[in-house]
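A short write-up of the structure that comes next.
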Amino acid sequence: MKPSAALIALLLCAASLVTHAASEPTLKGEVLEARNVESYTYLRLKTAQGEVWVAVPTSAAQKGAQVTIGNPVTMHNFESKSLKRRFDSIVFGQIVDSGANTSAAPKGATPAAAFDPALKVAKATGRDAKTVAEVVRGKAALKDKTVLVRGQVVKVSLGILGKNWVHLRDGSGSAADGSNDIIVITMDSAAVGNVLQARGTVRTDVNVGAGYSYEVLVDDAALRK
């Protein structure tokens, strides 16, 4: 079966949003060729293992740039209708670091901010107010209900399927069980380091395909300071 454009977008989305440990896999190389198509960019990289084709969210990476691809996912026998060619294998991921010869920052995930575990962001007030940990740990009871969460933005992925995917932390919860971080999906803008309130609907067991799923997130959220 030929992968659809939607599946490509979901792969890129999943690659940019899954939280990894410090030892997360990466792919490094020099850009030998760059081709932009709708929503993403094909890059032919020279790596230590040889030449590799990768696909990333729309990027300004140019020939000669040194780039690092985070969260790489390999797909075999992939046919690109945009380029009218088939790849024996291609890597989907995101640019997490780039060197010289990039005219602008790539569209996609912004680097995650270091969050001070000692920092405590004041909980929002009101009937729907919850901490990040209360949403994550109480996901079963909160499914399809409205919540108001206040936290610091530690990561943003822009323009994924037409929306922004924002990671919030408030100092509650634990990294061990993932209760210290919540993904918020929104049409509003946000920047790493902002402290914001997000009001949206709790969704659970969200499957975006390609083996990626999220136990809980906050959907259709409105952001405000």
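The one candidate from L217, V216, I185 that meets the side-chain contact (heavy atoms from CB on, under 4.5 Å) condition with V206 is L217.
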**Request:** Could you please spell out the steps behind the salt bridge (Lys or Arg N to Asp or Glu O under 4.0 Å) verdict for R137 and D177?
**Result:** CA-CA 9 Å; R137 292 172 177 167; D177 63 4; 3.5 Å; yes
**Request:** Using the side-chain hydrogen bond (donor to acceptor under 3.5 Å, both in side chains) rule, take T41 and N36 through it: C-alpha gap first, then chi angles, then the decisive distance, then the call.
**Result:** CA-CA 4 Å; T41 299; N36 288 310; 2.4 Å; yes
**Request:** Apply the test side chain to side chain contact (heavy atoms under 4.5 Å, CB included) to residues V202 and D144: give CA-CA distance (whole Å), side-chain angles for both, the deciding distance (0.1 Å), then the verdict.
**Result:** CA-CA 5 Å; V202 176; D144 299 329; over 6 Å; no
**Request:** Could you go through the side chain to side chain contact (heavy atoms under 4.5 Å, CB included) check for L223 and V184 one step at a time?
**Result:** CA-CA 9 Å; L223 305 182; V184 174; 4.2 Å; yes
**Message:** Test side chain to side chain contact (heavy atoms under 4.5 Å, CB included) on S179 and K139; report intermediate values, then the result.
**Reply:** CA-CA 10 Å; S179 60; K139 57 184 180 293; over 6 Å; no
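No side-chain heavy atom of V37 sits under 4.5 Å from any side-chain heavy atom of R35. The shortest side-chain heavy-atom distance between S172 and K130 does not fall under the 4.5 Å cut-off. The side-chain heavy atoms of I69 and V56, taken from C-beta on, include a pair separated by under 4.5 Å. Residues S80 and Y42 form a side-chain contact, since some pair of their non-hydrogen atoms from C-beta on lies under 4.5 Å apart. Inter-residue side-chain proximity for W53 and L43 is flagged as unmet; no heavy-atom pair is nearer than 4.5 Å. Counting only heavy atoms from C-beta outward, the side chains of V147 and V218 approach each other to under 4.5 Å. Using a 4.5 Å heavy-atom cutoff, the side chains of D181 and L168 are not in contact. Taking the side chain as every heavy atom from C-beta outward, L45 and V91 never approach each other to under 4.5 Å.
A donor-acceptor distance shorter than 3.5 angstrom exists from the side chain of R150 to the backbone of A122, with no hydrogens or angles considered. Between the side chain of K120 and the main chain of G171, a donor-acceptor pair closer than 3.5 Å is present. In terms of modelled atom types and a separation under 3.5 Å, the side chain of R169 and the main chain of I182 share no donor-acceptor contact.
The environment of E33 atom CD is dense: over 12 non-hydrogen atoms of other residues, nucleotides or ligands sit within 6.0 angstrom.
With respect to the salt-bridge test (charged N to carboxylate O, under 4.0 angstrom), the residues K81 and E79 do not qualify.
Closest heavy-atom contact between R203 and D220: NH2-OD2, 4.4 Å.
No side-chain donor from either of N164 and T186 sits under 3.5 Å from a side-chain acceptor of the other.
Relative ring orientation between F87 and F78 is described as parallel, the plane-to-plane angle staying below 30° on a 0-90° scale split at 30° and 60°.
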